[in-house]
Structure formats: structure tokens, C-alpha cells
Amino acid sequence: MGTITLEQSRANVNLSSRTTFWKSLKYQLKEAFFPDDPFRQMSDHPPTPLRRTWSFLSYFFPVLEWAPKYKLTLFASDLLAGITIASLAIPQGISYAKLANVPPIIGLYSSFVPPLVYAVFGSSNNLAVGPVAAASLLLASSIRGKVSPEEQPELYLHTVFTAAFFTGLLQLIFGIFRLGILVDFLSRSTITGFMGGTATIIILQQFKGLLGLQHFTNKTDIVTVLHAVLANRREWKWQSAVLSLGFLVILLLARRLKEKVPRLFWVNAISPLLVVVMGGIIAFAVDGKDHGIPIVGDLKKGLNPISISQLQLKSPYISVAMKAGLISGFIALAEGIAVGRSLALLKNEQTDGNKEMIAFGIMNIAGSFTSCYLTTGPFSKSAVNYHAGCKTPMSNVVMAVCIMLVLLWLTPLFKYTPLVALAAIIVVAMLGLIELHEMKHLFKVDKFDFCVCMAAFFGVVFVNMEAGLLLSVGLSIIRALLHVARPTTCKLGKVTGTELYRDLEHYPDSTTIPGVLILQLGSPIYFANANYLRERITRWVEAEGNICKEKGQDLQYIVFDMGGVAAIDNTGIGMLLEVHRMLGKKEIQASHRYHYNLK
């Protein structure tokens, strides 16, 4: 690494071949919306219309990439993974449907059609799609304020279908117009705090099922929920409490076994289904409905009925569905993409975020037409799919086939499933979403990120889910703006024994050159930070001038290290000219230095 002055660089830079405005604009738009160059594979093939058409179709239909190369050996792995996640999808589908205040059968419907659609359009080999707890609760809290699930159950259900339609529409638009950059504003700290807070209130709300309560609050904040639990203590049923304790012990032991012996992951995967079966047998044997053990009740047998005619596209319900769908869809999109990417990294694979948005969008639109509510890629089910050895999205097809068989013939068997079993399943599933180790890590590494995480957590817990999300996203945006408007500048000194110049605050033993001030401008110079940089440079010059006077010297030179200035706009150029004039009045010479790599 070496340095070169501005005067020396002019002889080596070809300024005659200037980039036109339109070419520059085209490049910038391409890098903003197509940084992955999605159709680059077309240039790798001979320019035949057939090959180009196939590459184009393969991008939008990823099944065309893996299906022609599919082998029987891969199917053996996908078959095992699909059956395993199906055993988890059945109890989770019923449980999460209860969270969304929709009939339990809707949870099973939502585990049948969406996985089939995702297998065609999805790009992740590890994701297992289905309902998720956070989105289920967010949907319920957003819709029930306008439509009561108790007083207007049919209208409420149709509004939930409509919300799923708008969720899919949002996700599809994001994918087609390459707007995944908006999802990036949901930082890791925001998602950690939001999911942790959501998991906390979901756990607290399960006291209704764990204790067999008949009356409960519709609100989600912790104060109201705890008040409802204590205010209705006369409704507590010891039968439900004892049964819930037993189920929690079984589920927690299975989870602990998976942590201690990872190869026995399947025990933890089937434990929810085992709890449902055990609970159903107990409730049937003791006539639980009449002895303090509420049950799910009748489940309609058959495949998904068409629901496209039931979408509420008229006022005032369309606005409610749109708001609920957009908010919950944004969260579901961020969760699904994050899960897919994290699991892909473990296999050294690539997951296309924009393809995933298109797949989620089509999946939810198709689901809204077939009596499904919002679906995405939940972490718990996807992790089981990964550990079960899935190879391709075919595992989702196997899961869908298993759910289809259940819908056709086995749904009456789940009639006696006790609500306490579903509550226990949800509680244990939510414990995995409270990432205390991640919060501790954020506190050690980045206090601001920790504050963002806590804003989301406490906003969800003490106010509501929307408030927690908006507060944390707002803080994240403010931080991003501060990074742009208040870039880092520092004074450099020469590290003893080397030719390197580094920040004097980080390397206090570094030496400086008498009468020379070296400043590092470490970011692009735009209208948003130009004024700040001018004032900061002025303060550096005044401070250095005072130091030189104390030593009986004059500040003669100032050197700007602009290696980090990747771009500069017209306002930034004007600011540098003003600084140059200011330094000229003080009889200080200014110079710039750039970095280049020696070939």
C-alpha cells in the first residue's frame, strides 16, 4: 500500500473518457435494485433463444433448476424430512390458528396449499413454510379491534383471508420491484427485541389455556394480561393446571435431549404431536370437556374450500385487512428471509432474497384464495427440516401430502385435543424466540443496538406490537441518518516503527509531524454531511493551531486522507472549495492523498 498526491495522480487519470449522465444513472439504478445481477447466467450460455428463455423461466420458477436433476437418493432424504416436519406442522398449525382466533382447521389448511406453491417458486432448500406465532398474534390484535371473532366469527375469518391477500400482494410487489432494501431496515437487533417481546406476551396469554380460563382480555400488553389472569382466578381449573404441567415437562425434556444429543432431534420434533395424541386420549377417557379440560371440538374433514369470493374488498373492512396484512406481512417477510439465509449459510448455499419475496407473495395470494391465512418460513419448523437432512424444496411437498392425508381422513381424531396441550406447545416454542444470549451479546458489542433491541422488546411487552416495532425501526433509521450526517473524522499520526498512519486516539503513541495536520475523512461527502465536515475541519484546524502556538510553531500544512471518500456531490465540492479558501486566508497549504494498490 502506498500514497500518491493529487498533483501526481493527474498524469495517470484519463479524464477524457468521461462517463455520460445516463450511463452513470443506469449503473447506479442497477446497483441499487439489481446488485446480484439476477440474469447474469444468460450471458454464460450461447445466445440461443431457447437457452435464454429457459434461464429466464428458471429464475422465476426455481423448480426448473432442481427438478430436472432430481434423484431418488435426494428423495429419500426429503421424504424423511417432510414426514418429520409434518408431525410438527399438525400441532403447530392447530395451535397458531387459535392464536389468530380462527378455527383450528384453518391452521391445517395453511400447511397444505402454501408449501406446494413454495416448492415451485421458493429458492431455499431448507425452509419449511407454514403459520407462525408472531404473525398470528399480530393479525388477531390488528383485526379484532374492528371485527370481533366472538360476535362476528365468519366476517372475522373472511377479513383474515383478505389480510393474507394483501400480505401476498405486498411481498410480491417487493420481489418484482426489487425492494428488499426496505426489509433491511429491520435490523437484527430490531428482530431480536420484537420476537422476544412477542414471545413473552404470547407465553403470558397461554395462561388462559394452561389454567382453563373462560374469560380473558383481548389486549396484549403485560399489565392487562397479568391483571386478567389474577382477576379471573376463581375460574382456574386444577385439572388443566396439572395436565399443563405434565405436558410442559415432556416438551422441555425433549428439547433438552435435542440440545444434549443433537442426533436425537427427531424426538423434539415429534414431541408436540405426542403431546396432542396423549392429551386427546386423556380428554376422551375422562370426558375432559365436562371435567375442567376444554377441547378443540369438531374439525371439518376435507381439503381446502375456495375462499376467493369471501375476500372483504369493500369499506370499512378492506382498510382493516390492508393494515393488518401489510404490518404482519412485513414481519413475516423479514423472518422468513432471515431464517432462509441463516440456514443456507450452514450449507454454504445461496438464497435469493428477491426470489423469496416473490415466492412468499404468490404463496400467500394463493393461500388467501384457498382458506389459508398468513404463512412464512418459521424458524422452529425450518430448523427441524434442516436437521432432518432435507436436500430440496421437495420436503415441503412431502409435508403437504401428509397434511392432505390428515385433512381427508384423520381430522376427526383431533376433536378431543385439549386446549391445554396447544397452550403448552406454544409456550415451549416461544421460549426459543427469547434470545437472552443475543441480547447480552448486543450489550457487550454495541450499546445503541442494545437500546434498539430493548425498545422493541419493552414496546411490545408494555404497549402493543405495532408500537414496539415502530419505535425500534425509528431508532434504527435515526442511527442510519446519523451515520450519514455525522461521519467519522479523525486526526492521524504515524505508528512508531512503521509507515502506517492511524487514529491518534486509538494509537496514542503515534508521532505527528511538526506544523502538519493529517485528517482522515472516512465517508462519502454529501449535502447531508458537508456542513458538519466544514465545521469539524475548522475545529481541527483551530485546535491544531493552538497546539502549534504553544510549541512556538506555525501550522503550515493540512493533509486530507480521502481514501474513504467514495463519492462527492456538488454541495461537497462547494464545501471543499470553502475550506480551501479558509485555509488560504490562514496561509495553510492543503493537500489530498489517495490510496492505491501496487500491482
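Just so you know, residue 1 is the first one in the sequence shown, and it goes up from there.
Looking only at atom types and distance, the side chain of Thr162 has no donor-acceptor partner in the side chain of Thr159 under 3.5 Å away. Judged purely by distance below 3.5 Å, without hydrogens or angles, the side chains of Lys347 and Asn126 pair a donor atom with an acceptor atom. A donor atom on one side chain and an acceptor atom on the other are found under 3.5 Å apart for Ser123 and Glu356. Asp78 and Thr392 share a donor-acceptor pair across their side chains, judged by distance under 3.5 Å alone.
Between Phe121 and Val63, every side-chain heavy-atom pair lies at or beyond the 4.5 Å cut-off. Taking the side chain as every heavy atom from C-beta outward, Leu431 and Arg255 approach each other to under 4.5 Å. The side-chain heavy atoms of Leu405 and Leu410, taken from C-beta on, include no pair separated by under 4.5 Å. Between Lys146 and Tyr317 the shortest side-chain heavy-atom distance does not fall below 4.5 Å. The shortest side-chain heavy-atom distance between Ser124 and Leu343 does not fall under the 4.5 Å cut-off. Residues Gln214 and Pro294 have side chains in contact (heavy-atom distance under 4.5 Å, counting atoms from C-beta outward). Looking at heavy atoms from C-beta onward, Leu407 lies in side-chain contact with Ile105 at the 4.5 angstrom threshold. Considering only heavy atoms from C-beta on, Met439 comes within 4.5 Å of Phe457 through its side chain.
Looking at Ser368, its side chain never comes within 3.5 Å of a backbone N or O of Ala164 through a donor-acceptor pair. Between the side chain of Ser95 and the backbone N or O of Ile426 there is no donor-acceptor pair closer than 3.5 Å. With hydrogens and angles ignored, the 3.5 Å screen pairs a side-chain donor or acceptor of Asn396 with a backbone N or O of Leu127. Looking at Ser382, its side chain never comes within 3.5 Å of a backbone N or O of Phe379 through a donor-acceptor pair. A side-chain donor-acceptor contact under 3.5 Å links Asn232 to the backbone of His215. Side-chain N or O atoms of Ser271 include one that pairs as donor or acceptor with a backbone N or O of Asn268 at under 3.5 Å. Side chain of Ser111 to main chain of Gly107: a donor-acceptor pair is present (N/O by atom type, distance under 3.5 Å, no hydrogens or angles). Checked by atom type and distance alone, the side chain of Thr375 never pairs as donor or acceptor with a backbone atom of Gly130 at under 3.5 Å. Not one N or O on the side chain of Ser142 forms a donor-acceptor pair closer than 3.5 Å with the backbone of Leu139.
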### Task
Test side-chain contact (heavy atoms from CB on, under 4.5 Å) on Val473 and Leu469 and set out the steps.
CA-CA 6 Å; Val473 170; Leu469 181 63; 4.1 Å; yes

- prompt: Going through the distances and angles, do Asn101 and Arg144 end up as a side-chain contact (heavy atoms from CB on, under 4.5 Å)?
  reply: CA-CA 9 Å; Asn101 292 320; Arg144 72 178 306 148; 2.8 Å; yes

What do the steps show when you test Lys391 against Asn125 for side-chain contact (heavy atoms from CB on, under 4.5 Å), and what is the final call?
-> CA-CA 6 Å; Lys391 301 298 182 183; Asn125 293 326; over 6 Å; no

Verdict with supporting geometry, Leu137 and Met465, side-chain contact (heavy atoms from CB on, under 4.5 Å): CA-CA 9 Å; Leu137 183 62; Met465 300 174 73; 4.0 Å; yes

Requested in this report: Dump the intermediate steps for side-chain hydrogen bond (donor to acceptor under 3.5 Å, both in side chains) on Ser380 and Gln92, then the final yes or no.
Outcome: CA-CA 10 Å; Ser380 57; Gln92 279 194 352; 3.2 Å; yes

#### Entry: Residue pair Glu435, Arg188: steps toward the salt bridge (Lys or Arg N to Asp or Glu O under 4.0 Å) verdict
CA-CA 12 Å; Glu435 301 181 71; Arg188 174 64 182 167; 3.0 Å; yes

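Residue Lys440 places its NZ atom among 12 or fewer non-hydrogen atoms of other residues, nucleotides or ligands, all under 6.0 Å distant. Within 6.0 Å of OH in Tyr70 there are more than 12 heavy atoms belonging to other residues, nucleotides or ligands. The environment of Trp66 atom CH2 is dense: over 12 non-hydrogen atoms of other residues, nucleotides or ligands sit within 6.0 angstrom. Environment of CZ in Phe414: crowded, with over 12 heavy atoms of neighbouring residues, nucleotides or ligands closer than 6.0 Å. Annotation: Lys355, atom NZ; neighbour count of heavy atoms from other residues, nucleotides and ligands within 6.0 Å is above 12. Atom CZ of Phe216 sits in a crowded spot, with more than 12 heavy atoms from other residues, nucleotides or ligands closer than 6.0 Å. For Glu154, the CD atom is loosely surrounded, since the number of other residues' heavy atoms within 6.0 Å does not exceed 12. Residue Lys98 places its NZ atom among 12 or fewer non-hydrogen atoms of other residues, nucleotides or ligands, all under 6.0 Å distant.
The minimum heavy-atom distance between Ala324 and Ile143, with the atom names listed, is CB-CG1, 3.7 Å. Taking each heavy atom of Val225 and Lys219 in turn, the nearest pair found is CG2-O, 3.7 Å. Nearest heavy-atom pair, Gly329 versus Thr167, reported as atom, atom and distance to 0.1 Å: CA-CG2, 3.4 Å. Considering all non-hydrogen atoms of both residues, Val296 and Pro104 come closest at CG1-CG, 3.5 Å. In terms of heavy atoms, Phe330 sits closest to Leu170 at N-CD2, 4.1 Å. Between Thr198 and Ile201 the shortest heavy-atom distance is O-CG1, 3.1 Å.
The OG atom of Ser189 lies 11.0 Å from the NE2 atom of His441; values are rounded to the nearest 0.5 Å. Separation of atoms CG (Leu303) and OG1 (Thr370) is listed at 10.5 Å; rounding is to 0.5 Å. Between Tyr109 atom OH and Ser307 atom OG the span is 10.5 Å, to the nearest 0.5 Å. Once rounded to the nearest 0.5 Å, the distance linking CD1 of Ile308 with OG of Ser371 reads 11.5 Å. Atom CD of residue Gln206 and atom OG of residue Ser244 lie 11.0 Å apart, to the nearest 0.5 angstrom. To the nearest 0.5 Å, atoms CD (Glu466) and CD1 (Ile331) are separated by 9.5 Å.
Taking the six-membered ring for Trp and the full ring otherwise, Tyr373 and Phe161 have centroids separated by 6.0 Å or more.
With respect to Arg341 and Glu349, no salt bridge is recorded, no charged nitrogen being found less than 4.0 Å from a carboxylate O.
Taking the six-membered ring where the residue is Trp, Tyr118 and Phe360 present parallel rings, their angle staying beneath 30° rather than reaching 60°.
Not counting sequence neighbours, Glu151 has no partner by the salt bridge (charged side-chain N to carboxylate O under 4.0 Å, His left out) test. With sequence neighbours left out, Lys258 forms a salt bridge (charged side-chain N to carboxylate O under 4.0 Å, His left out) with no residue at all. Contacts of Asp221 classified as salt bridge (charged side-chain N to carboxylate O under 4.0 Å, His left out), with partners at least two apart in sequence or in another chain: none.
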